[in-house]
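Down below is the structure, laid out as structure tokens.
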Protein chains: 2
Amino acid sequence: MTQKGITLKDVAAAAKVSRATAARALNSYGYVGDETALRVLEAAERLGYRANLVAQALRSGQLPIVGFVPGDIQNPFFARIAHDIEVELRKHRHNLLIASSEENVEQEKELLESLRSLSIRGFILAPTSATDNQHIVQLAHEGAPVVLIDRVVKELQCDSVVVDNEGGAREAVDYLVSNGHDRIGLLRDDSRIFTAQERLAGYQNSLQSHGIALDESLIGVARSTVEHAVDATIRLFSRRNRPTALFTVDSLMTQGALLGLRSMGLSIPHDVSLVGFDDFNLATFTDPQITVVAQPISEIGPLAARFLLERLAGKKIAPRHIRFPTRLIVRGSVAQLHGR
Amino acid sequence: MTQKGITLKDVAAAAKVSRATAARALNSYGYVGDETALRVLEAAERLGYRANLVAQALRSGQLPIVGFVPGDIQNPFFARIAHDIEVELRKHRHNLLIASSEENVEQEKELLESLRSLSIRGFILAPTSATDNQHIVQLAHEGAPVVLIDRVVKELQCDSVVVDNEGGAREAVDYLVSNGHDRIGLLRDDSRIFTAQERLAGYQNSLQSHGIALDESLIGVARSTVEHAVDATIRLFSRRNRPTALFTVDSLMTQGALLGLRSMGLSIPHDVSLVGFDDFNLATFTDPQITVVAQPISEIGPLAARFLLERLAGKKIAPRHIRFPTRLIVRGSVAQLHGR
DNA sequence: TACGGATGTGAGATCGATCTCACATCGCGA
DNA sequence: TCGCGATGTGAGATCGATCTCACATCCGTA
């Protein structure tokens with residue numbers, strides 16, 4: 001443990017000035033004589049001085065660190081966003097601390113608790129719960145700016161960047177209906193409750209607007225993992241009078257459905273038509289390629305980061321709520337249904 | 001910005017003791033009267049006191065943060081490892097700061113530079129370069145423990161957790177040879193130089209041990225992205241006398257090869273046999289499923305984290321170098337070649 | 001010439017937690 | 001009863017950077 005530790009004091013001594021003067025020279029504020037400043041800078045350079053951010057943080061109360069709490073960093077959706085956020089923050093000399101909630105409210109609470117004592121400057125969150133959010137409200141009230149992504153917290157007024165889940169789901173189901181389907185299954189998620197509910201609403205609204213009665217038995221619920229989705233798919237398609245089409249609410253569920261249907265020997269789109277929410281690279285590798293509702297994923301992270309940085313810079317304006325539209329990408333997984 | 005800021009001083013005042021005594025009670029060291037201690041704890045509880053980690057860090061010189069510098073957090077390989085590391089660190093109340101080098105040495109240098117001034121306790125790195133690593137050596141000499149994953153730095157003696165790239169590649173090519181192939185293409189990577197070289201060596205060694213002459217024209221080089229791999233694949237298979245089999249050095253290249261071959265109308269395994277390095281979920285969704293050399297990815301992160309935590313706890317033993325074996329997972333992408 | 005503003009610089013306080021040291025007080029054995 | 005060790009507590013220093021304030025100069029102008 002050979003701690004280097006070139007401190008301001010060392011630089012000041014080397015330049016034969018006081019710490020105060022050295023600080024002024026290095027941070028260029030206040031009055032400093034040209035020659036003195038030069039001597040300080042030269043000394044700092046020579047010694048390899050690097051300011052201790054922790055000490056700065058103690059005074060200012062803030063570390064140049066932003067916390068990101070995604071549902072799951074392994075989910076490519078969040079991994080992409082994390083990457084984009086990091087790139088944006090780096091431009092402003094901030095670091096990103098990622099702490100995954102694993103879609104578990106209790107863990108989310110613990111994480112925020114521990115991040116709070118770190119004097120973190122701001123947070124970008126994808127809240128796990130749709131209801132149990134008192135801890136987030138409290139966090140925001142303590143002064144650290146918060147930007148929500150993917151899901152919002154009703155009780156909290158702050159910047160948010162989400163996607164039109166309801167509209168996207170509606171568009172997907174509309175598309176299936178327009179291809180002659182009226183027994184349309186839904187594979188939904190029980191954890192990312194907020195987005196799941198919105199997508200469910202889209203499903204229901206589409207059916208209703210086409211005068212198709214809602215049949216609860218066509219709705220499968222599973223945790224958002226490929227394995228659980230496989231089981232749920234098999235359950236859904238094992239009953240008599242099975243759906244002719246399926247809408248899945250996220251990419252992991254879509255993958256599960258793909259595997260589940262294959263294991264049952266049902267072919268896409270001949271036996272079952274499929275539309276998934278969220279595009280994923282796998283979607284173009286299957287045969288046929290999968291029709292999906294794509295989210296503008298490349299825009300979410302940068303925008304959220306920019307919002308947060310603006311707040312950190314002191315911008316005081318009303319909270320902004322951005323809701324990106326989705327886009328239906330038609331590929332080959334939906335068949336036109338003729339008669340019955 | 002309503003800074004809460006319940007400090008030790010507040011607690012001490014509320015309990016009518018000095019800061020020193022309050023600290024003793026809260027951290028249970030030194031002598032404290034039972035009754036006094038109780039009063040302090042009660043006051044802390046009541047006020048919702050939370051120790052300021054930054055202040056602690058200023059004294060101790062270390063934040064409970066570990067830095068992770070992967071090649072690319074969007075690569076599922078690193079995302080998985082990041083997740084595993086985080087889980088392990090969390091058990092020991094440490095946070096994970098992720099800073100992706102994007103496989104760029106210069107960026108890696110900058111990142112480490114900025115992380116250094118953060119008083120980060122230790123680092124888990126996947127070095128980008130095979131040669132330009134002076135900055136990493138220097139980092140390690142400054143005292144912060146470093147654990148390398150996926151790739152090692154020859155000049156530096158420290159814990160490392162890697163995979164038997166050479167052996168894995170050899171096994172893959174051996175398998176292709178045993179299926180009658182002798183014109184075996186290689187799609188390799190020019191950025192993750194260390195692993196790429198080892199895998200190239202495995203390819204060469206396998207061919208040599210089977211008495212097959214190395215044909216440079218069968219080796220395609222591309223950056224490790226799906227898009228670049230597509231191009232390289234098309235180039236490789238456009239020439240006369242094209243390979244009958246292809247070995248790809250990572251999962252992104254494998255995906256690119258898949259797309260490239262499909263766009264050329266070449267079917268797997270009928271026209272071309274394929275083996276990829278690194279398993280990926282997509283590999284089982286294609287038809288046929290892809291034969292791959294799998295890495296024990298679930299073991300890398302936890303082990304690296306454990307190594308680092310041991311170093312942080314002061315363990316002083318010789319550096320450990322773990323090299324995990326790989327495993328060939330035979331699926332359906334390789335055909336037995338009959339005659340020519 | 002003298003005075004006020006502009007210019008430079010340093011001493012010391014501050015952020016919050018922790019640690020050392022000095023100073024009490026108590027009890028028990030000599 | 002004295003003394004010494006065990007026990008309990010507080011004052012102040014410390015970590016490193018920064019900021020306030022006070023104190024020097026210097027210059028130009030009244």
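Every chain is numbered from 1, with letters handed out A, B, ... down the list of sequences.
- Of the candidate nucleotides D/dA17, C/dG16, C/dT9, C/dG16 has the atom nearest to the side chain of B/T7.
- Phosphate contact (OP1/OP2 of D/dT9, side-chain N/O of B/T36, threshold under 4.0 Å): present.
- Picking from C/dG16, C/dA13, C/dC21 the nucleotide with the shortest atom distance to the side chain of B/R59 gives C/dG16.
- At whole-Å resolution of the value, CG in B/L63 and C1' in D/dG16 are 13 Å apart.
- Closest to the A/N52 side chain, of the nucleotides D/dA17, C/dA17, D/dA6, is D/dA17.
- Ranked by how close their nearest DNA chain C nucleotide is to the 5' end, B/Q56 and A/L58 are led by A/L58.
- A donor-acceptor pair under 3.5 Å is formed between the side chain of B/S114 and the backbone N or O of B/L111.
- Remark: P of C/dG16 and CZ of B/R50 are 14 Å apart, rounded to the nearest angstrom.
- Contact of the A/I65 side chain with the A/L118 side chain is not registered, since no non-hydrogen atoms from C-beta on lie closer than 4.5 Å.
- Rounded to the nearest 0.5 Å, atoms CG (A/D72) and OG1 (A/T128) are 10.0 Å apart.
- Of the candidate nucleotides C/dT9, C/dA13, C/dT18, C/dT18 has the atom lying nearest to any side-chain atom of B/Y29.
- When side chains are defined from C-beta on, B/L139 does not count as touching B/L115, because their heavy atoms never get closer than 4.5 Å.
- Considering only side-chain atoms of A/A55, the nucleotide from C/dG10, D/dT18, D/dG16 that sits closest is D/dG16.
- Between A/Y49 and the phosphate of D/dA17, there is a side-chain N or O to OP1/OP2 separation shorter than 4.0 Å.
- Atoms CZ (A/R24) and C1' (C/dG8) sit 7 Å apart, rounded to a whole Å.
- Per the geometry, NZ belonging to B/K9 stands 14 Å off P belonging to D/dG12, to the nearest Å.
- In this structure, A/L47 atom CG and D/dG16 atom C1' are separated by 15 Å, rounded to whole Å.
- At a cut-off of 3.5 angstrom, the base of D/dT18 holds at least one donor-acceptor pair with the side chain of A/R19.
- B/R320 has a carboxylate O that lies under 4.0 Å from a charged side-chain N of B/E310, or vice versa, which qualifies the two as a salt bridge.
- The closest donor-acceptor contact from the side chain of B/R151 to the backbone of B/P127 lies under 3.5 Å.
- Of the candidates C/dG12, D/dG10, D/dA17, C/dG12 carries the atom nearest the A/A20 side chain, counting heavy atoms from C-beta on.
- For A/Y31, taking side-chain heavy atoms from C-beta onward, the closest of the listed nucleotides D/dG10, C/dT9, D/dG8 is C/dT9.
- One atom, CD1 of A/I6, and another, P of D/dG16, lie 11 Å apart when rounded to the nearest Å.
- The separation between A/K16 atom NZ and C/dT9 atom P is 15 Å, rounded to whole Å.
- Here the side chain of B/A23 is nearest to one of C/dT18, C/dT9, D/dC19, namely C/dT18.
- Between A/N27 and B/S18, the residue anchored closer to the 5' end of DNA chain D is B/S18, taking for each the nucleotide with the nearest heavy atom.
- Closest to the A/L8 side chain, of the nucleotides C/dA17, D/dT18, C/dT20, is D/dT18.
- If you check every strand for non-hydrogen atoms under 4.0 Å, A/V17 touches sugar and phosphate atoms only.
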